[in-house]
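A quick write-up on the structure given underneath.
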Amino acid sequence: MNIKDLPEEDYFTSGHTACAGCPAPAIVRNMMKIFGKDTIVYTPANCLLVFSGTYPYLAWKVPYLHEAFENTGSCISGVARAYKKIGKKALVVGIAGDGGTYDIGIQALSGAAERDEDVIYVCYDNEAYMNTGIQRSGSTPYGASTTTTPAGKKIPGKLRHKKDMAEIMRAHEIPYMATLSISHPKDFLNKVEKAKNVKGFRYLHVFSPCPTGWRFDPSKSVEIARKAVQSGMWTLYEAEYGEITGIYKPKKKIPVEEYIKGQGRFRHLTPEMIEELQRWVDRKWKRLYGEEP
Amino acid sequence: MMRLEAKKMVATGDYTAAYGALLCDVDVVAAYPITPQTIIVEEFSNFVNNGITDAEFIMVESEHSAMSACIAAQASGARTFTATSSQGLALMHEMLFVASALRLPIVMPVVNRTLAAPIGIWCEHNDSMPQRDAGWIQMSCEDNQEVLDMIIMAYKIGERKDVLLPVMPCLDAFILSHTVEPVDAPSSDEVADFIGKYDPVATLDPNNPMAIGTFSPPEYIQELRYQTHVAMENAKKAIRETTKDFARKFGRDYYGLIEEYRCDDADVVLATVGTVTGTAREVVDELREKGKKVGLIKLRFYRPFPAEEIKKIAENVSAIGVYDRAISYGVGGPLFIETRNALYGLDLPVLNFLAGLGGRDVVKGDIEKMYEILLKAKKEKPEKEIYWIGTRGVSI
């Protein structure tokens, strides 16, 4: 699917209050174009909940539910099963952030995936708890300065690497999982469309650079997302029942140093810390591509 | 689902609870096993896997997810059911508030079990009673027949348009959950006729999209709190009417929010909860034979609390005692606190008896002791309000 083939009709509309340069509205809007009218959306606590639906305003033109933070997997299960029992049809989609996916929501997500609930789970990953004020999550990369891993005199930012959530989900051997990026729109749309047409549990993981939390120029969100893919910090691939069926390999691998440039959260990194981040990327590269970088 | 004929069963409280859900033709069950609730989920699995019901059973990975899924399913227009106990209920705590504020009449039997620490599996009410302010209708059953009847009535009460609140019928661990008793089960047709079809006010529906539970600023929340408060007050009327209707249709009367036993000319009364009530009835009969004018109040509902009913009785007695199987540390038993609050302004001793905590048996001798203290309080001003019955190292 190409951008020009997308339906004109929107189910996520203007009027929301996302920060300038935030990719989440574009992610959601384009996904919703493909998912269509007969969709029910659940969001846990995250930026999207607040900027798209603070009562009495609402950017959604589909039914929309919120219950709590840690339960996206179980809430979408509840909607899907109720619809199955009542005999009604709808695509049931949960859209959670990285905190709601990697950390507090991983149990409910894992349970729903293991039960192979007929739903789509979307993680939009901005690598920290942005809604609560940029605290570190299991997704925050090594070295990044957040409000709970500040670049201090003694401890220079986060000292643990990013958890590989996509691989955790691939290990669930679900019918379909894919990683996406706003920098690769054609790939993005194809994966969303594919997910829509698969039955069972589907997991879409979208990389979503956050200008406010990462401290970069809001006009650079797409560029930073592209550099994440080119450096190997973010890998675009898809898998069916645990087997990788497609993986995108950048023509030219750029050094991590080039990716972190212009991001305030990495400004304090020493050459040794950049090397450590590079080593992590190279290990991941080898694991996913099966060859030395 | 398959039609079920009326029958006499000999069943555990847990089986009875599962059978109650079956009779009410629930659409979605989401549950997680925990002792001593396990039989409920096992039996419901049997009903599903043997084709007796076509309900969807979501075998979730935690109680938090069980309640989350029930809320989502009920918000989608399904009649839902779950069951839990103790630690599981504590884990659900956050979601209980969501169920009531979204006005979703989910029904969830709670098998009352002690809440750690120390870890134990026997009967105590310190799991359900701390859920007091969650906006759930909360009641306790005396026997397995009441478990069945209360689950049927729970759907009828909760789904009323002037109520729309979730309901938590409680049953004592093992004393009911694992003990077989004779139970009269009505037919599924009779139950369907009594409770009707679930007719939700608002659901998640692509043809009529709306947001449920979304982010709200202060301008809107206080009114919702008020409406839920009114709904809980309305529940009193709904309970009184429903027990009357139930008695007319099924021949068993539960007399609204409380049941009085030999209170009419009583000097002193004891209010009890759960299975201890059965033991207390016997003690009342024996003391009456000895000429002691004692009465008994079976406290069925904790929320809404039967303040008016208790006050009416208290106006004609000299002392009132309240039995609790839970403790609010530093203050007293939860039912005692409620009762004293209800009787504010009346000049009579209100005493609290704590017994059976952690699942210890409460025997006739314990209840005789309670009445003895109450009869003494009628004559002379008691030295204290709270009595720890049968507690090592504590003298009464």
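Lettering follows sequence order; numbering is per chain, from 1.
Ranked by heavy-atom pairs shorter than 4.5 Å toward chain A, the options B:Val98, B:Leu204, B:Val28, B:Ile71 are led by B:Leu204. Contact count against chain B (heavy-atom pairs under 4.5 Å) is highest for A:Val79 among A:Val79, A:Ile86, A:Val50, A:Ile76.
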Could you show, one pair per line, the donor-acceptor contacts under 3.5 Å between chain A and chain B?
from     : atom 1 : to       : atom 2 : distance (Å)
A:Lys37  : NZ     : B:Asn207 : OD1    : 2.8
A:Gly53  : O      : B:Thr214 : OG1    : 2.6
A:Tyr55  : N      : B:Phe215 : O      : 2.8
A:Tyr64  : N      : B:Met210 : O      : 3.1
A:Tyr64  : O      : B:Ile212 : N      : 2.7
A:His66  : N      : B:Ile212 : O      : 3.0
A:Glu67  : OE2    : B:Ala72  : N      : 3.1
A:Glu70  : OE2    : B:His64  : NE2    : 2.9
A:Asn71  : ND2    : B:Ser68  : OG     : 2.8
A:Ser74  : OG     : B:Ser65  : OG     : 3.0
A:Arg81  : NH1    : B:Glu56  : OE1    : 3.1
A:Arg81  : NH1    : B:Phe57  : O      : 3.1
A:Tyr83  : OH     : B:Leu204 : O      : 2.5
A:Lys84  : NZ     : B:Glu56  : OE2    : 3.3
A:Lys85  : NZ     : B:Asp27  : OD1    : 3.1
A:Gln107 : NE2    : B:Ser62  : OG     : 3.4

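Nearest heavy atoms, A:Ala90 versus B:Pro206: CB-CG, 4.2 Å.
Of the atoms belonging to A:Leu65, heavy atoms from both backbone and side chain fall under 4.5 Å from chain B. Neither the backbone nor the side chain of B:Phe97 comes within less than 4.5 Å of any heavy atom in chain A. Of the atoms belonging to A:Val62, it is backbone heavy atoms, and not side-chain ones, that fall under 4.5 Å from chain B. For a residue to count as touching a neighbouring chain, one of its non-hydrogen atoms must lie under 4.5 Å from one of that chain's; by this rule B:Val60 touches chain A with backbone and side chain alike. Residue A:Ala108 touches chain B through both its backbone and its side chain, counting heavy-atom pairs closer than 4.5 Å. Contact annotation for B:Met95: only side-chain heavy atoms (C-beta onward) come within less than 4.5 Å of a heavy atom of chain A.
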